[in-house]
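First comes the structure, then the notes that go with it.
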Amino acid sequence: MGSILGYFVATVKNLRGVVLVDSSDKNAVEKISWLIKRFRYRNLGIPPSLYSKGDLKKYFSKGPFIELVYPINSIRSFVEKLWNITGYPLELIESLVLSSTYVSPLLIAGSEYIRLLENIAYTSIQVCRELSNNEWKLHLRIADYTILDMYRENIGEAVDVIKYLKGNKWRSIKEVLDNRRKRVEKDTKRYWRIVCKNKEGPLKKFLLYIDLLNLLVELFRRGLFKLEDLRDDYSIALSIVPAVNINLMI
């Protein structure tokens with residue numbers, strides 16, 4: 001356990017994103033190469049279910065990529081529960097949970113993943129033109145600040161909401177979730193440089209805000225997540241995750 005936690009702490013310190021790549025995407029290798037060029041000196045995490053998947057493993061075994069680990073077994077169990085309940089691809093659920101756990105933005109290369117996340121996103125940052133390399137560099141860094149700056153507050157709220165769910169305090173839960181939506185709305189202003197103003201082309205989603213706590217509450221409300229399955233240490237997996245759509249760069 002000590003070695004796993006040590007690896008986790010060292011990884012969090014240097015991680016700049018969790019990568020989710022659709023292995024069936026014909027441009028997958030090109031997108032991986034793009035990431036390698038832009039993160040030469042910082043690590044990018046690959047979720048375990050993707051790291052050993054198909055032909056991409058040989059690319060993930062070099063460059064900035066490292067395989068992520070679960071710091072505690074309960075987080076692995078949480079992933080499995082969400083996967084079984086939602087029916088979403090395992091690598092998508094795992095990437096979201098580990099992005100929160102490792103306090104890193106999620107970098108997505110796969111249009112199907114984006115389509116699925118649109119269904120649960122609070123809101124999105126939309127662009128209508130191609131971004132320059134400098135704009136990508138800046139806004140990937142901003143996405144890093146998006147999750148980091150609100151992380152402590154988000155996790156504290158997650159601890160509270162788990163208690164509220166156990167106590168059937170729905171008014172308190174609504175208040176927390178409303179505050180999180182307001183926090184996201186405020187955060188969108190960070191992206192003022194690229195957000196679509198004078199429309200130059202079709203709208204495309206650059207970033208989606210995914211609140212895993214909101215997802216958990218909804219599953220609980222529908223009776224899909226059981227009271228006896230709630231654990232306080234799920235809280236580190238319940239932050240708001242900025243999911244960046246790197247499909248836009250191809």
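Predicted, not measured: the structure shown is a model, and the values here were computed from it.
- Checking Y209 against D187 by side-chain atom types alone, a donor-acceptor pair falls below 3.5 Å.
- Salt-bridge formation is detected for the pair D178/K174: a Lys NZ or Arg NE/NH1/NH2 atom is positioned less than 4.0 Å from an Asp or Glu carboxylate oxygen.
- Residues N247 and K31 have side chains that bring a donor and an acceptor to within less than 3.5 angstrom of each other.
- With respect to the salt-bridge test (charged N to carboxylate O, under 4.0 angstrom), the residues E118 and K205 qualify.
- A salt bridge does not link R180 to E175: none of the charged side-chain nitrogens sits closer than 4.0 Å to a carboxylate oxygen.
- The pair R190-D149 counts as a salt bridge, with a side-chain nitrogen and a carboxylate oxygen less than 4.0 angstrom apart.
- For S49 and E94, the side-chain atoms include at least one donor-acceptor pair closer than 3.5 Å.
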Residues 213-223, side-chain donor-acceptor partners within the protein, below 3.5 Å, at least two apart:
none

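- Considering only residues two or more places apart in sequence or on other chains, R76 meets the salt bridge (charged side-chain N to carboxylate O under 4.0 Å, His left out) condition with none of them.
- Applying the side-chain hydrogen bond (donor to acceptor under 3.5 Å, both in side chains) test to pairs two or more places apart or on separate chains, those with a residue in residues 234-243 are N154-S239.
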Donor-acceptor pairs are to be reported for all side-chain atoms of residues 103-112 against protein atoms at under 3.5 Å, with residues two or more places apart or in another chain.
| from | atom 1 | to | atom 2 | distance (Å) |
| --- | --- | --- | --- | --- |
| S104 | OG | Y102 | O | 3.2 |
| E112 | OE1 | R115 | NE | 3.1 |
| E112 | OE2 | R115 | NE | 3.3 |
| E112 | OE2 | R115 | NH2 | 2.5 |

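- No salt bridge links E130 with K204; every basic N to acidic carboxylate O contact stays at or beyond 4.0 Å.
- K163 meets the salt bridge (charged side-chain N to carboxylate O under 4.0 Å, His left out) test with no other residue; sequence neighbours excluded.
- In this view, D144 and R16 satisfy the salt bridge (charged side-chain N to carboxylate O under 4.0 Å, His left out) rule, not counting sequence neighbours.
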